[in-house]
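Right, one structure below, let's go through it.
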Amino acid sequence: MQRPYIIFNPVAGSAGAAEKIAKQLKKLNPIAFRITRRKGDAERWARRARTSKASTVIVAGGDGTLNEAVNGLGMFARRKLIGLIPLGTGNDFARTLGLPALIDDNVDILRAGRTSQIDIVRVKSKRSRYFVNVSAGGFSGMVDEKITPQIKRTWGPLAYIRGAAAALPHLHAYKTEIVFDDDERLSTGLYNVVVANGRYVAGGLPIAPTADPADGKLEVVLIPKLGPGEMALLAAEIVLGKHLSSNATIFRQARKIAVRSRPGMWFNVDGELVGNAPAVFQIIPRALNFIVT
């Protein structure tokens with residue numbers, strides 16, 4: 001493996017022993033070793049990596065750090081190999097890729113250098129952003145808004161549950177119109193719109209259990225307005241990954257979807273709020289050369 005460009009988030013969920021982890025990462029003999037100090041740093045370092053001589057960019061952090069790095073690289077990402085060492089609270093995209101938990105095991109994978117071409121998604125709302133894992137709007141967007149940095153630090157992997165409890169009193173349906181691939185049109189009352197490239201959210205919740213980030217398709221999971229009992233049953237089905245066959249959800253695959261709603265539902269992408277509907281999501285096939293198991 002050639003000398004990589006490393007972006008390291010020392011405050012990601014499981015990066016408690018930052019100095020020890022930094023030493024492990026530096027065994028890869030990086031051209032550059034960039035440490036994030038605040039929100040936006042990973043995107044800034046990734047933007048600089050575009051012109052680096054390094055052919056490989058390694059992101060050592062969580063889903064948020066990876067999201068920033070992908071946006072910093074943008075369409076320049078096609079020219080680089082992307083590696084991930086999962087250090088976050090959720091590590092949801094790493095789960096989809098089947099990456100191990102131990103740093104040394106991930107270093108071995110990086111050195112082996114086996115790659116796969118991975119899709120990314122571009123969403124246009126109040127601003128344009130890329131993501132690799134999942135975007136959720138409606139109730140999920142409200143949950144994300146409730147998860148403060150303090151809650152993430154205190155609750156760790158249970159932060160999403162804490163955020164959901166805070167958002168529950170504000171649950172309401174959105175009058176939503178969705179267009180799939182500029183063709184099929186659906187109008188209904190929805191609690192949630194989930195647009196997935198990866199399979200997991202919230203530290204392992206299989207929201208899109210059949211998603212394949214290399215198949216050129218978005219998986220769309222819609223949760224309509226339901227009664228309290230139906231919502232409780234659906235929650236159990238989601239935990240088990242059995243909800244796609246349930247009458248309580250609407251499931252589609254598409255390359256592009258456009259969403260309008262009243263009121264405008266807020267969307268997050270890989271945990272980052274990007275704006276509210278209207279929003280347009282489009283798959284960009286094989287945009288990342290990702291190092292995988």
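The figures that follow rest on heavy atoms only: side chains count, while hydrogens, waters and symmetry mates do not. Here, residue 1 is the first one in the sequence, and each next residue gets the next number.
Annotation: side chain of Phe131 is not in contact with side chain of Ile120 (no heavy-atom distance under 4.5 Å). Contact check for Pro213 versus Phe93: side-chain heavy atoms found under the 4.5 Å cut-off. At a threshold of 4.5 Å between non-hydrogen side-chain atoms, the residues Leu25 and Phe33 count as touching. When side chains are defined from C-beta on, Ile7 counts as touching Val57, because their heavy atoms get closer than 4.5 Å. By the 4.5 Å heavy-atom criterion applied to side chains, Val179 and Val259 are not counted as neighbours. Residues Met265 and Asn276 fail the side-chain proximity criterion, which asks for heavy atoms closer than 4.5 Å.
The stretch residues 181-190 participates, sequence neighbours left out, in these salt bridge (Lys or Arg N to Asp or Glu O under 4.0 Å) pairs: Glu177-Arg185, Asp182-Lys256, Glu184-Arg252. Among pairs with a residue in residues 63-82, none fulfils salt bridge (Lys or Arg N to Asp or Glu O under 4.0 Å), at least two apart in sequence or across chains. Applying the ring pair (Phe, Tyr, Trp, His ring centres under 6.0 Å) test to pairs two or more places apart or on separate chains, none has a residue in residues 193-245.
Hydrophobic cluster membership is shared by Trp45 and Met75, with clusters built from Ile, Leu, Val, Met, Phe, Trp and Tyr side chains linked at under 4.5 angstrom.
Partners of Pro278 under the side chain to side chain contact (heavy atoms under 4.5 Å, CB included) rule, at least two apart in sequence or in another chain, are Arg260. Listed by chain and number, the residues in a side chain to side chain donor-acceptor pair (under 3.5 Å) with Thr36 are Asn9 (sequence neighbours excluded). Partners of Arg255 according to the side chain to side chain donor-acceptor pair (under 3.5 Å) rule, which considers only residues two or more places apart in sequence or in another chain, do not exist here. Every residue meeting the side chain to side chain contact (heavy atoms under 4.5 Å, CB included) condition with Arg37, not counting sequence neighbours, appears here in chain and number order: Ile35, Asp41. Annotation: side chain to side chain donor-acceptor pair (under 3.5 Å) contacts of Arg48 (sequence neighbours excluded): none. Checked against side chain to side chain donor-acceptor pair (under 3.5 Å), Arg129 has the following partners two or more places apart in sequence or in another chain: Glu43, Glu272.
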Show me the donor-acceptor pairs, under 3.5 Å and distance only, between side chains in residues 216-227 and residues at least two apart or in other chains.
unit_1 : atom_1 : unit_2 : atom_2 : d
Glu219 : OE1    : Thr210 : OG1    : 2.7
Glu219 : OE2    : Thr210 : OG1    : 3.4
Glu219 : OE2    : Gln253 : NE2    : 2.7

Distance-only check: which donor-acceptor pairs under 3.5 Å involve side-chain atoms of residues 280-287, not counting sequence neighbours?
none

Could you give the side-chain donor-acceptor pairs of residues 231-238 under 3.5 Å, partners two or more places apart or in another chain?
unit_1 : atom_1 : unit_2 : atom_2 : d
Glu237 : OE1    : Ser246 : OG     : 3.2

